[in-house]
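On a predicted model such as this, the values are computed, not experimentally measured, just so you know. Position 1 is the first residue of the sequence, and the numbers go up from there. Note that these values count all heavy atoms, side chains included, but never hydrogens, waters or copies made by symmetry.
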Amino acid sequence: MAKKKLAKTIVCLGALGVASKVAYSKYKTAKETYAQEEADSVGEEVKKYNALFEKKVIEVEDEEFTGCEIKTVSSSIVVDLGLAAFEKDVYINFTSTASSLTIILPEGVNAACDITRTASGMRNLVENVEEEGIHTVYIIGKAVCSNIEIVPVNFYVDDEDDFEDIADDEDFEVVVDNTVTPKVDKTVVCEENDDFDVTVAVEKDDDDDDDDSDNNEDNNSDNNDDIAITVEPYGAEELEVQELDSLDD
């Protein structure tokens with residue numbers, strides 16, 4: 001009985017080995033075919049961009065774009081046309097299987113889509129305008145278990161770019177009770193809630209009168225060295241000032 005199980009196991013392992021070799025051979029053949037198609041289309045008006053089990057970014061810069069054909073299988077491919085020139089209406093034809101395809105278009109062009117989808121998602125975020133001299137990119141294709149996005153250039157921008165970043169060497173003023181605190185030199189940007197805390201280190205003023213110092217000495221000794229102040233954010237979701245050693249006049 002044990003010998004029969006061992007024989008079946010050996011047969012199964014042999015079958016798996018043969019299947020793996022066949023699959024790899026098919027993959028290698030398809031990969032070479034895809035690469036050859038791309039190479040042959042270099043001098044043609046309509047170029048071909050293929051991706052097979054890979055991640056690829058294709059950039060067309062400072063040249064006229066005249067259309068392309070895209071074929072992608074189990075891959076992630078980005079066709080960046082943000083710096084390409086458009087002198088006429090063009091076509092992008094594609095087939096996408098279990099892949100992610102993103103097409104980036106520059107400003108000043110419209111996008112029209114005719115995509116057949118099977119268990120796939122599609123977003124066209126380009127806002128078309130009706131003006132003379134505006135060319136249209138016609139995107140036609142078939143998507144199976146894929147995600148297709150057509151986006152304008154510079155669409156994906158970090159949230160921090162929406163406001164002026166505060167560098168470590170820049171000053172930041174906080175207004176509390178209609179007064180302005182001395183400028184501080186350290187800020188940390190975070191995004192946890194709608195408020196931010198500012199901790200200000202307190203220093204004694206050497207120019208104060210001796211009488212005032214004597215009167216306030218007992219009160220100051222009972223207080224902490226730091227004062228916590230909560231103010232509304234300006235230009236960012238949350239700013240936090242931490243570990244200030246001293247304040248400049």
Practice item. Indicate the atoms forming the closest heavy-atom contact of Val46 with Ser41, along with that distance. Key: O-CB, 4.2 Å
Review point. For Lys88, what residues pass the side chain to side chain donor-acceptor pair (under 3.5 Å) criterion, not counting sequence neighbours?
Key: Glu45
Review point. Applying the 4.5 Å side-chain criterion to the ILVMFWY set and letting contacts propagate, would Val153 and Val60 be lumped into a single cluster?
Key: no
Point to revise | Candidates Thr95, Leu52, Val144 - the one meeting side-chain contact (heavy atoms from CB on, under 4.5 Å) with Val73 | key: Leu52
Exercise for review: Go through the structure and list residues passing side chain to side chain donor-acceptor pair (under 3.5 Å) with Glu44, not counting sequence neighbours.
Suggested key: none
Revision key, fill the gap. Taking every heavy atom of Ser120 against every heavy atom of Cys145, the minimum-distance pair comes out as OG-N, 2.9 Å
Practice item. Return the minimal non-hydrogen interatomic distance between Cys113 and Ile150, and the atom names on each side. Key: SG-CD1, 3.9 Å
Exercise for review: Give, for atom CD1 of Ile103 and atom CD of Glu149, the distance between the pair rounded to the nearest 0.5 Å.
Suggested key: 10.5 Å
Study note, to complete from the structure: On a heavy-atom basis, the closest approach of Val126 and Val109 is CG1-O, 3.8 Å
Exercise for review: Dump the intermediate steps for side chain to side chain contact (heavy atoms under 4.5 Å, CB included) on Phe94 and Ile148, then the final yes or no.
Suggested key: CA-CA 10 Å; Phe94 75 88; Ile148 311 300; 3.9 Å; yes
Point to revise | Asp89 vs Tyr138 side-chain heavy atoms within contact, under 4.5 Å | key: yes
Point to revise | Results of side chain to side chain donor-acceptor pair (under 3.5 Å) for Glu32 - residues two or more places apart only | key: none
Review point. Is Tyr49 linked to Val78 within one hydrophobic cluster, defined over Ile, Leu, Val, Met, Phe, Trp and Tyr using a side-chain heavy-atom separation of less than 4.5 Å?
Key: no
**Study point:** Residue pairs, two or more places apart or on separate chains, that pass ring-ring contact (aromatic ring centres under 6.0 Å, His included) and touch residues 96-133
**Key:** none
Check your understanding: Any link between Met122 and Ile70 through a network of hydrophobic side chains (Ile, Leu, Val, Met, Phe, Trp, Tyr) touching at under 4.5 Å?
Key -> yes
Check your understanding: Mind checking whether Val137 and Leu101 sit in one hydrophobic cluster, side chains of I, L, V, M, F, W, Y counted as touching below 4.5 Å?
Key -> yes
Check your understanding: In Å, rounded to the nearest 0.5 Å, how long is the span from CG of Asn93 to NZ of Lys71?
Key -> 12.0 Å
Check your understanding: Do the side chains of Tyr34 and Tyr27 join up, straight or via other hydrophobic residues, at under 4.5 Å, putting them in one cluster?
Key -> yes
Point to revise | Minimum heavy-atom distance between Leu125 and Pro152, given as atom pair plus value | key: O-CD, 3.7 Å
Check your understanding: Side-chain contact, heavy-atom cut-off 4.5 Å: Glu37 with Glu69?
Key -> no
Review point. Which residue pairs pass the side chain to side chain donor-acceptor pair (under 3.5 Å) test when at least one of the two sits in residues 56-68, sequence neighbours left out?
Key: Glu38-Lys56
Point to revise | Sequence neighbours excluded - side chain to side chain donor-acceptor pair (under 3.5 Å) pairs with any residue from residues 102-111 | key: none
Practice item. Could you grab the distance from atom CD1 of Ile58 to atom CD1 of Ile77, nearest 0.5 Å is fine? Key: 4.0 Å
Check your understanding: Judged by atom type as modelled, is there a donor-acceptor pair below 3.5 Å linking the side chain of Thr136 to the main-chain atoms of Ala111?
Key -> no
Review point. Got a second to check how far Glu54's CD is from Ser75's OG, nearest 0.5 Å?
Key: 5.5 Å
Review point. If every non-hydrogen atom of Ala84 is compared with every non-hydrogen atom of Pro106, which pair is closest and at what distance?
Key: O-CG, 4.2 Å
Check your understanding: How about Leu81 and Ile92: do any of their side-chain heavy atoms sit closer than 4.5 Å?
Key -> yes
Exercise for review: Give a yes or no answer on whether the side chain of Thr72 reaches the backbone of Ser99 with a donor-acceptor pair at less than 3.5 Å.
Suggested key: no
Review point. Just wondering, more than 12 heavy atoms not from Tyr91 lying within 6.0 Å of its OH?
Key: no
